[in-house]
Structures are given as structure tokens and as C-alpha cells.
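One-based numbering along the sequence shown.
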Amino acid sequence: MSTLDHSSVLEYGGHIGHRNLPFTRRVINFIKGEGEPSWADSFKFFIFGTWFNILLVFIPLSFISHNMHWNAGLVFLFSFMAIMPLAKLLGEATDQLSVKLGETMSGLLSASFGNAVEIIVGVAALLNGQLRIVQMSMLGSILSNILLVLGCSFLAGGLYYEQGFFNGTGAQASASLMTLSCITLVIPAAYASTTDAGMQTDCSDPDECPTAGLLLISRGTAILLLGVYCAYLWFQLKSHPNLFIAASPPAHEQNNEVTVASVETEETEPHMGTAAAAVALLSVTVITAFCAEYLVASIEETAVRYSIPEAFIGVVLLPIVGNAAEHVTSVWMAMKNKYELTITICVGSSIQIACLVVPLLVIVGWIVHQPLTLQFHTFETTVLFVSVFLVNLLLMDGKANYLEGLMLVSLYVVIALAFWVA
């Protein structure tokens, strides 16, 4: 989709010829979806488009088993089976939105809806004073997105296409912002562990009563990160949208048979109206949030029963389960050779967590008098730094293949093993 088309859709509700109509009329035309499949046809395709959706029967079973307090194993099984078709539906809705809104905007919407769950869970834990759980789950979300999900996406896409292409300049801009957010976590940790003022504390657990200087650094940094994230959105959607549009292969590779096959993207046939796809995306996200929450609760009970380390639960299990739908969407897009959308979901979601969700939680903690800071433990900060470093290296050339995916997944497994014994 060209930049002109993209701008027209965003500004005029998808109807370029209607730019002189009143705003109310444009909204009505957008909801009706003139020239698009009807609402009935859209949801008929959405729900009955594949036999895989027969697994949706596990959604009510998940709700019933949780509220009736059935065995934790059954809750886990039903919730897990429910999330599988929901993940596919989320991917389908995102794919249909990309027909009108473009890959950048639809990927941003998918990442935002996925992270809405993280914000809700994080605020709930914050209000209960579970500061370490908040930090570990946020760290786990970032690691799972940039290592596990991006790695699985490159790996799965590499099985279908020998080499995939994306806009390396835009990807590097996103990765650089991830590096900045990583650095902002290193500074509080360095301050707390190396300076006299940072090490002065009157309680046995520094996480529960951080120093005034550490709180000032964390809260000031949180405000700055929120401003930088707003600037990043403007950069991505308005001032430099061309940097986030799928790039063509280099000129010297244009005639390469492998390259030609690799850039043949599977085009999405429009089966849903834009408004219907947006409503479907929102609805599936809400239902997935409930099923993921039930699954998370059952994991915790199972972990206690089988003595699984708390750090492993917070950094590995909870993020994988909580973002399952978003993860499957990213892998599916890579299998359709839509790497630009994959990058937007994976890296964009990590940026949202690091530059929006975490700073927002710090400020909410400030308001409700919970001393949440940006000081992570040295081991956690080191893990995040090396992960962002590897992702930066792999995104530098604007190409993707299965070997790069294998590298990312391997690092994630190493980190998971480390948290298992931490």
C-alpha cells in the first residue's frame, strides 16, 4: 500500500472521494462499509471460515471450569485449547485490517490490543504491592517478543521462503529505541549498586523501600520515555511512514530467482469490512484476556504443586501464555511473507512495553504510593542488554532467514534455563 493510500485511509475513513463530507457522514459510511463485505458476510467468514474454529467450544468450558473452581489441570487444558482458535481469529482480523489500514497501522493495533492485557494485569499486581511480579512480568514480555516470537517468526517464515525482506531503516529505528529503553534500565541499576547514595537503605529488602534518589531517577525517566514514545508514534505514522513500508530487495539481487520467490507476498483477499474487522479484533482480544487470565491463575497453582521457580513463572511462563494470541499472529504473518507486519508486532510490542507500559506503571505507582522503580536486578539487566544487542545485529541488513530465527530462539532457551535455576 502506498503512502498516499495509507494517509487517505487514516484521514478520511477509507473513502478518498468522501473528503468533503461532514465528519458524521464519514463515520456512518465507515461503519456501513460501502463497497466492502457486509457485517453478516464478514462475521460469517470470521466464525465459520475454517473447521479449526470448532475449538471455540472450549471458551465456555474455560469460563465454567474457572468459576466453578474445577481442578487446575482442567482449567489449564480448557483455557489453552480456547486460546488456540482465538489466536488464529486475532491473526485473521489483523490480516483483514491490513487490507485497508496498511501493515504498519494494523500491526500497531495488534500490538496495542495485546499489551492492554499486560497493563491490566500489571496495575492489578501493582495495587496489591507485588512490585517484583510487575517487574519480572514486564521483563518477560519484552524478552518473549524480541527473542521467542521474532525468532519463531523468522524460523517459520524461513521454512516457506528462503529469504524474507523488510525495511531495515525502519527496523533499525525501532531497535535503536529498544536500546535506549534498555539503557534507561541500566542507569538505575548502576546507581543503586555503585554509588554511596544509591546503596543507603534502612530496610532489608531494597525493592520495597528504594532511596529517594532512585525514585527520582525512575520517575523522571518514566516521564521522558513516555514523551519519546509519543514522538516515535508520530515518526512512524506521520513524519516518516515510508520507513515502515516493506522494502524491495537490493538492485543487485533483483534478477535472483531465489529473491524473486522470496518477495512474492501472499496477498490478502478482503472477506471482512474494515469496521467489522476492527470490532472482531477488539472482541477477540477481550475474550482472550479472560482465557489468558484463567490460564495464568491455573499455571501459578500448578507451579506451586510441582515446585516450579517463581522467577521462571514470571519471566517465561506468564508472558508466553498472556501474549499467546499476539505471538501466533506474528508467526502467521511471517509464514505469509509479511515480515514488515511481523517486525511491527514483535519489536513494536516490546517498545510499547518498555517505553509505555513500564513508565506508565511507575507513574501509577507514584500516584497510589507504591515505590515501583526502574531498577532491575543486575542479572535481569544483563539479560535484557544482550538480547537487545543480538536483535540489533540481526535487523541491521533488512533480511530474515531461518538461521537468524534459530539464533533468537536459542538465546531465549538459554535465558529460560538460567531463570529456572536462578
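Taking each heavy atom of Thr221 and Ile217 in turn, the nearest pair found is OG1-O, 2.6 Å. What you find for Leu408 and Ile146 is that their closest heavy atoms are CD2-O, 3.9 Å. Between Tyr229 and Cys355 the shortest heavy-atom distance is CB-O, 3.8 Å. For the residue pair Tyr339 and Gly164, the shortest heavy atom distance occurs at CE1-CA, 3.5 Å. Across Val284 and Leu86, no two heavy atoms sit closer than the pair CG1-O, 3.4 Å. Shortest non-hydrogen contact noted between Val409 and Gly151 is CG2-C, 3.7 Å.
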For this session: Apply the test side-chain contact (heavy atoms from CB on, under 4.5 Å) to residues Asn392 and Gln172: give CA-CA distance (whole Å), side-chain angles for both, the deciding distance (0.1 Å), then the verdict.
Result: CA-CA 7 Å; Asn392 266 283; Gln172 270 298 299; 4.0 Å; yes
For this session: Evaluate the criterion side-chain contact (heavy atoms from CB on, under 4.5 Å) for residue pair Leu226 and Ile363; output intermediate values, then yes/no.
Result: CA-CA 10 Å; Leu226 288 176; Ile363 294 175; 3.4 Å; yes
For this session: Just do the side-chain hydrogen bond (donor to acceptor under 3.5 Å, both in side chains) check on Tyr402 and Glu162 with the steps written out, would you?
Result: CA-CA 8 Å; Tyr402 74 90; Glu162 186 164 337; over 6 Å; no
For this session: List the steps, then state whether side-chain contact (heavy atoms from CB on, under 4.5 Å) holds for Phe376 with Leu139.
Result: CA-CA 9 Å; Phe376 287 74; Leu139 175 66; 4.1 Å; yes
For this session: Verify side-chain contact (heavy atoms from CB on, under 4.5 Å) between Val347 and Leu395, making sure each step is shown before the conclusion.
Result: CA-CA 10 Å; Val347 182; Leu395 295 181; 4.1 Å; yes
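Side chains of Ser387 and Tyr412: a donor-acceptor N/O pair is absent below 3.5 angstrom, by distance only. Between the side chains of Gln375 and Tyr191, no donor-acceptor pair is found at a separation under 3.5 Å. Between the side chains of Ser153 and Thr342, no donor-acceptor pair is found at a separation under 3.5 Å.
Between the side chain of Ser349 and the main chain of Cys346, no donor-acceptor pair closer than 3.5 Å is present. Side chain of Ser144 to main chain of Ser141: a donor-acceptor pair is present (N/O by atom type, distance under 3.5 Å, no hydrogens or angles). Judged by distance alone, the side chain of Asn53 and the main-chain N or O of Ile47 form a donor-acceptor pair under 3.5 Å. A distance-only check finds a donor-acceptor pair linking the side chain of Ser181 to the backbone of Met178 [under 3.5 Å]. The closest donor-acceptor contact from the side chain of Glu404 to the backbone of Val391 lies at 3.5 Å or more, if one exists at all.
A 6.0 Å sphere centred on CZ of Phe235 holds more than 12 heavy atoms belonging to other residues, nucleotides or ligands.
Under a 4.0 Å N-O distance rule, the pair Arg132/Glu380 qualifies as a salt bridge.
In this structure, the side chains of Val386 and Leu390 stay at 4.5 Å or more apart for every pair of heavy atoms. Looking at heavy atoms from C-beta onward, Leu143 lies out of side-chain contact with Pro319 at the 4.5 angstrom threshold. Put simply, the side chain of Thr373 does not reach to within 4.5 Å of the side chain of Leu131, judged on heavy atoms. Side-chain atoms of Val357 and Leu361, non-hydrogen and from C-beta on, do get closer than 4.5 Å to each other. Two residues are said to be in side-chain contact when any heavy atoms from C-beta on lie closer than 4.5 Å; Trp366 and Val362 fail this criterion. At least one side-chain heavy atom of Gln135 sits under 4.5 Å from a side-chain heavy atom of Leu372.
Ring pair Phe78/Phe58 is tilted by interplanar angle, where 30° to 60° counts as tilted.
For Phe76 and Tyr294, the gap between ring centers reaches or exceeds 6.0 Å.
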